[in-house]
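Excluded from the calculations below are hydrogen atoms, water molecules and symmetry mates; all remaining heavy atoms, backbone and side chain alike, are included.
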2 protein chains.
Amino acid sequence: METGMAIGELARRTGTKVQTIRYYEQIGLLPEPLRTAGGQRRYGEAERRRLGFVRHARELGFGLEAIRELLDLAADPGRDCAHADRIAKANLGDVRRKIARLQALEQELARMVEECRGGRVEECRVLEVLADHDLCLSPEHAPPASPEP
Amino acid sequence: METGMAIGELARRTGTKVQTIRYYEQIGLLPEPLRTAGGQRRYGEAERRRLGFVRHARELGFGLEAIRELLDLAADPGRDCAHADRIAKANLGDVRRKIARLQALEQELARMVEECRGGRVEECRVLEVLADHDLCLSPEHAPPASPEP
DNA sequence: CCTACGATCTCCAGTGGCTGTAGCTTCAAG
DNA sequence: CTTGAAGCTACAGCCACTGGAGATCGTAGG
């Protein structure tokens with residue numbers, strides 16, 4: 001009879017770590033699966049698809065709360081999809097802001113590294129720039145919109 | 001006599017939160033400052049410059065461990081600056097990898113959002129793409145090199 | 001049936017870089 | 001001397017996992 005797959009196989013098939021699957025279950029992102037008599041988790045295709053959705057959304061930068069909402073929406077096919085659209089747009093905005101910020105950093109870092117001609121620390125451009133913000137071309141590299149890695 | 005500034009003023013002058021300053025002290029990034037008889041911290045110009053260096057480096061994306069190394073280097077002006085250069089280059093590489101990854105995400109998200117013409121969830125392009133990785137143009141949006149926000 | 005061994009179990013702690021809270025004490029102005 | 005802002009310590013929480021300890025389960029081979 002259909003017994004389902006163990007957590008390790010689900011992990012392998014979705015490119016997720018075993019602990020991460022258990023974590024998703026713990027925070028209620030995945031439902032509690034069936035268990036064997038001995039207490040081990042067994043999963044079916046529905047769970048595999050759900051986890052696939054989660055992983056894919058994560059890869060695209062969605063946060064777990066956003067994913068929770070998206071899963072709720074997907075479970076209710078008759079509803080208007082404006083909400084899903086809004087979530088995706090918010091995420092896109094986030095991603096774009098992060099790109100803009102990182103590009104500003106890249107400019108400063110590249111200039112800093114390029115100007116360092118490898119003498120002694122005394123005359124190191126890298127340390128000099130770090131010590132004095134005024135040496136930056138754009139003093140506008142403010143802290144990020146959303147928290148940094 | 002010179003009593004130095006309180007933590008709040010240092011915070012204001014460097015654009016740092018008070019708790020963050022205490023946290024930096026706790027992890028040994030800033031030295032323990034002088035205290036008043038009542039136990040409050042008092043800072044001088046040297047500390048202000050050091051914190052300024054830290055904040056500036058943070059804004060440029062350096063991690064606290066990298067900053068610790070940079071501070072050590074800066075304290076020793078006779079040494080070769082190759083190490084500082086290496087740290088900065090590593091950070092630049094990190095930033096560039098993050099940009100590349102985010103740009104890939106941006107592509108997918110933008111396409112996803114654009115194709116969603118706001119019908120019902122049933123026919124929502126956003127949810128469809130999330131449910132089926134094969135609908136992505138580049139299946140190459142792998143997990144990030146360094147951990148995500 | 002027994003053993004061996006990998007897979008799985010639960011629980012807990014740690015990551016980075018802060019941020020917020022509770023319940024105090026201290027400082028400085030009036 | 002009073003008051004109110006600012007400081008103090010200690011600890012919990014954030015996100016999204018990740019790793020480890022130590023026990024148990026499942027299954028293949030003998």
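- Taking all atoms of both residues into account, the shortest heavy-atom contact from B/Gly61 to B/Asn91 is O-OD1, 3.3 Å.
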Got a list of protein N/O to nucleotides 11-14 of chain D N/O distances below 3.5 Å?
none

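- The backbone N or O of B/Glu114 lies less than 3.5 Å from a partner atom in the side chain of B/Arg117, making a donor-acceptor pair.
- In this structure, CD1 of A/Ile7 is placed 14 Å from C1' of D/dC25, rounded to the nearest angstrom.
- Residues A/Ile27 and A/Leu51 share a single hydrophobic cluster, defined by chaining ILVMFWY side chains whose heavy atoms lie under 4.5 Å apart.
- Checked by atom type and distance alone, the side chain of A/His83 never pairs as donor or acceptor with a backbone atom of A/Leu70 at under 3.5 Å.
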Quiz item: Could you write nucleotides 20-30 of chain C as a row of B, S and -, 5' to 3', where a protein heavy atom under 4.0 Å of any base atom gives B, of only sugar-phosphate atoms gives S, and otherwise -?
Solution: BB----BSS--
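- Here B/Arg41 does not reach the OP1 or OP2 of D/dG7: none of its side-chain N or O atoms lies under 4.0 Å away.
- Looking only at distances, a side-chain donor or acceptor of A/Glu47 sits under 3.5 Å from a matching main-chain atom of A/Gly44.
- With hydrogens and angles disregarded, a donor-acceptor distance shorter than 3.5 Å links the side chain of B/Arg50 to the backbone of B/Leu29.
- Residue contacts shown for A/Arg35 are limited to sugar-phosphate atoms, with no base heavy atom under 4.0 Å away.
- Put simply, the side chain of B/Thr20 never gets that close to the backbone of B/Thr16: no donor and acceptor are under 3.5 Å apart.
- Taking atom CZ on B/Phe62 and atom C1' on C/dG16, their separation rounds to 17 Å, with Å as the unit.
- The side chain of A/Tyr24 contributes an N or O atom lying less than 4.0 Å from OP1 or OP2 of D/dC17.
- Atoms CD1 (B/Ile27) and P (C/dG14) sit 16 Å apart, rounded to a whole Å.
- Between the CD1 atom of A/Ile21 and the C1' atom of C/dC9 there is a distance of 14 Å, rounded to whole Å.
- Listed here is the closest heavy atom pair of A/Gly78 and B/Arg120: O-CG, 3.2 Å.
- Taking atom CD of residue B/Glu65 and atom C1' of nucleotide C/dT15, one finds them 12 Å apart after rounding to whole Å.
- The closest donor-acceptor contact from the side chain of B/Arg49 to the backbone of B/Phe53 lies at 3.5 Å or more, if one exists at all.
- Secondary-structure stems of DNA chain C, taken as three or more successive Watson-Crick or G-U wobble pairs (i with j, i+1 with j-1) under a 3.5 Å distance threshold, comprise C:1-30 with D:1-30.
- Environment of CD in A/Glu45: crowded, with over 12 heavy atoms of neighbouring residues, nucleotides or ligands closer than 6.0 Å.
- B/Tyr23 has its OH atom 16 Å from the C1' atom of D/dA10, to the nearest Å.
- At a cut-off of 3.5 Å, with distance as the only test, no side-chain donor of B/Tyr43 or B/Arg13 sits close to an acceptor on the other residue.
- As rounded to whole Å, 11 Å separates atom P of D/dC17 from atom CD of A/Glu59.
- Atom-to-atom, CG of B/Leu10 to P of D/dA6 comes out at 15 Å; the value is rounded to the nearest Å.
- Residue A/Thr20 places none of its side-chain N or O atoms closer than 4.0 Å to OP1 or OP2 of D/dA16.
- Considering only side-chain N and O atoms, B/Arg58 lies nowhere under 4.0 angstrom from the phosphate OP1 or OP2 of C/dG16.
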Quiz item: When you look at A/Arg101 and A/Gln103, which way does the side chain to side chain donor-acceptor pair (under 3.5 Å) test go after all the steps?
Solution: CA-CA 5 Å; A/Arg101 172 172 152 72; A/Gln103 279 173 340; over 6 Å; no
